[in-house]
2 protein chains.
Amino acid sequence: MSKSRRTRATIQSAALDLFLEEGYNATTVERISVAAGVSHMTFFRYFRSKDGVLLDDPYDPAIGAAVEEQPGEMVPLERACRGILSAWSDVAEEDLGDVRKRMSIAVGHPQLRARMWENNLATQHVIAEALRTTGVARLEAEVAAGACMGALLVALIDWATAGEGGIGERIQLAMSQLIPDSDVSGRVTRGIAQELP
Amino acid sequence: MSKSRRTRATIQSAALDLFLEEGYNATTVERISVAAGVSHMTFFRYFRSKDGVLLDDPYDPAIGAAVEEQPGEMVPLERACRGILSAWSDVAEEDLGDVRKRMSIAVGHPQLRARMWENNLATQHVIAEALRTTGVARLEAEVAAGACMGALLVALIDWATAGEGGIGERIQLAMSQLIPDSDVSGRVTRGIAQELP
DNA sequence: AACAGAGTTGTTAGTGACTAACATATTGGC
DNA sequence: GCCAATATGTTAGTCACTAACAACTCTGTT
């Protein structure tokens, strides 16, 4: 039970190293497998695909819960935005090194960016479901969720690309554009952001 | 010069037929090529990839122009939304049969959905560039564009999935959620939509 | 009609992602 | 130490996609 976790971690870390050293395309699955001391079959038993080793995240239900916690009087778009803000404010900025490293590899490759979005689709649906608990129609909920995720992805990609700045401020900037009349500050990444346009 | 266009069309239509008859995954490039009377090399000379034959659209600068036409006093998000609305109101509902057919194939396959989004990235950047002409910062512009495209994609996918209803109403519904205080009706798909929530 | 050169297509042989089937280790509980 | 589950390897294959080069087919010119 625990060996499998170890193997998985070994493969993933070997993959990350190789991607950074030699580039994503130049790194074959075979090479990763050898570096990790396994066969390519083992690789595919742990990861659905080559890009999966870089981008597949374990599903996290936190965002859905965070959206549901937002007051129901808010318009769906605002609920979704504030939910996202609240969820991201709970992750410590230090734990994000790995996420950032992986995203910075992905942004340079269109296929990987696309794959990133595919992953976020799941999150989008979770958000939409959370919105529907207050009686919002399906399409409306999906639209609100889709807009938020579109904006969020831009913020995340910008953060991964640029060498400087925190993620909290970017998300705050993004979300505040979708609910411009509201005061959004003070809720995210404790201590970082105060005032925004 | 014109033979190549004919060949291209032949391949694409053969591909569409086969995708519909036997499914996307079950249809090999080899099979498409044979059906079109060419070799697989010719296929790849006309289309970058198997999914390209389904999803690669010729670049259309109309949306960028439509966004730039929107009054500069509007907040970026509203400019983008109205630009999108205006651009889509110019395409006749009858010309959309093919788009819909292709999208309805794509929605069933995660990889193809992702590829669709990849295509839309180009549009997103065009919109962002258009927004920047009034002095909006890069990140702000990208966020606004990203949010709109996120919402738009949901509308398009819903339209392609559902058997009924027009595309105009859906886009209007989507965009009006991003600029809820404004009157958005009467601008899109002449004659279809009047009042919306 | 014959020709030249540009544009288009085919052949072949290869790489790399990914899968199925089956054989073999390895592990953890008894 | 033994047994059943779990983890891994081998092999052989399919399919998307590419490089290199050969062959073909138009078009206009003489």
Side-chain angles (χ1 to χ4, degrees), chain A residues 1-56 58 102 105-106 108-116 118-119, chain B residues 1-19 21-56 102 105-106 108-116 118-119:
Chain A
M1 273 273 191
S2 75
K3 175 172 188 199
S4 68
R5 263 204 297 274
R6 221 178 322 128
T7 307
R8 197 190 146 92
T10 306
I11 296 175
Q12 194 156 34
S13 121
L16 252 185
D17 289 347
L18 284 168
F19 288 163
L20 286 171
E21 281 166 28
E22 328 211 330
Y24 176 81
N25 287 327
T27 305
T28 73
V29 170
E30 192 59 41
R31 198 127 164 38
I32 298 171
S33 307
V34 170
V38 299
S39 79
H40 75 278
M41 275 306 305
T42 299
F43 177 97
F44 285 113
R45 283 197 186 97
Y46 282 98
F47 302 97
R48 283 185 295 178
S49 55
K50 184 184 170 186
D51 39 28
V53 75
L54 188 65
L55 295 175
D56 270 351
R102 282 152 55 194
I105 297 175
H109 301 265
Q111 10 150 4
L112 296 179
R113 283 175 90 125
R115 183 66 202 284
M116 254 173 65
E118 194 187 326
N119 286 348
Chain B
M1 275 273 189
S2 75
K3 177 176 187 196
S4 68
R5 263 203 297 274
R6 221 178 321 127
T7 307
R8 194 189 149 93
T10 306
I11 296 175
Q12 194 156 33
S13 123
L16 251 184
D17 289 347
L18 285 169
F19 288 163
E21 282 166 27
E22 329 210 332
Y24 177 80
N25 287 328
T27 306
T28 73
V29 170
E30 192 59 40
R31 199 129 162 37
I32 299 171
S33 307
V34 170
V38 299
S39 79
H40 76 278
M41 274 309 304
T42 300
F43 177 97
F44 285 113
R45 284 196 185 97
Y46 282 97
F47 303 96
R48 283 185 293 175
S49 56
K50 184 183 172 187
D51 41 25
V53 75
L54 189 66
L55 296 174
D56 271 351
R102 283 153 54 194
I105 296 174
H109 302 265
Q111 11 150 0
L112 295 179
R113 281 175 92 125
R115 183 66 202 282
M116 250 173 70
E118 193 187 325
N119 286 347

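Quick note on labels: first sequence line is chain A, next is B, and so on, each numbered from 1.
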I need the [atom1]-[atom2] distance between [X] and [N], as an integer number of Å.
X: R5(B); N: dT9(C); atom1: CZ; atom2: C1'; result: 18 Å
X: R6(B); N: dT25(D); atom1: CZ; atom2: C1'; result: 12 Å
X: I11(A); N: dC18(C); atom1: CD1; atom2: P; result: 14 Å

(request) Could you check whether G52(B) gets within reach of a base, just the sugar-phosphate, or nothing at all, counting any heavy atom under 4.0 Å? (result)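 The answer is nothing, as G52(B) stays clear of every strand by at least 4.0 Å.
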(request) Looking at every strand, decide which applies to S39(B) at a 4.0 Å heavy-atom threshold: base, sugar-phosphate, or nothing. (result) base
(message) Less than 4.5 Å apart, side chain to side chain, heavy atoms only: is that true for L54(A) and F47(A)?
(response)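 Answer no - side chains too far apart.
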(message) When you compare the side chain of T28(A) with that of K50(A), does any pair of heavy atoms fall below 4.5 Å?
(response)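 With C-beta onward as the side chain, the pair stays apart.
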(request) Apply side chain to side chain contact (heavy atoms under 4.5 Å, CB included) to I11(A) and R45(A), showing your working. (result) CA-CA 11 Å; I11(A) 296 175; R45(A) 283 197 186 97; over 6 Å; no
Within less than 4.0 Å of OP1 or OP2 of [N], is there a side-chain N or O belonging to [X]?
X: S4(A); N: dT6(D); answer: no
X: T42(B); N: dG10(C); answer: yes
X: Y46(B); N: dT9(C); answer: yes

(request) Return the minimal non-hydrogen interatomic distance between F43(B) and S33(B), and the atom names on each side. (result)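 Minimum heavy-atom separation between F43(B) and S33(B): CB-OG, 3.7 Å.
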(request) Kindly say whether L55(A) contributes a backbone atom to a donor-acceptor pair with the side chain of N119(A) at under 3.5 angstrom? (result) yes
(request) Ignoring hydrogens and angles, answer whether the base of dG10(C) and the side-chain atoms of R45(B) contain a donor-acceptor pair closer than 3.5 Å. (result) yes
Report, one line per pair, each donor and acceptor closer than 3.5 Å where one atom sits in a side chain of residues 12-19 of chain B; sequence neighbours left out.
residue : atom : partner : partner atom : Å
Q12(B)  : NE2  : V53(B)  : O            : 2.9

Do any N or O atoms of the protein come closer than 3.5 Å to N or O atoms of nucleotides 16-19 of chain D, and which pairs are they?
residue : atom : partner : partner atom : Å
dA16(D) : OP1  : K50(B)  : NZ           : 3.2
dA16(D) : OP2  : V29(B)  : N            : 3.2
dC17(D) : OP2  : K50(B)  : N            : 2.5
dT18(D) : O4   : H40(B)  : NE2          : 3.1

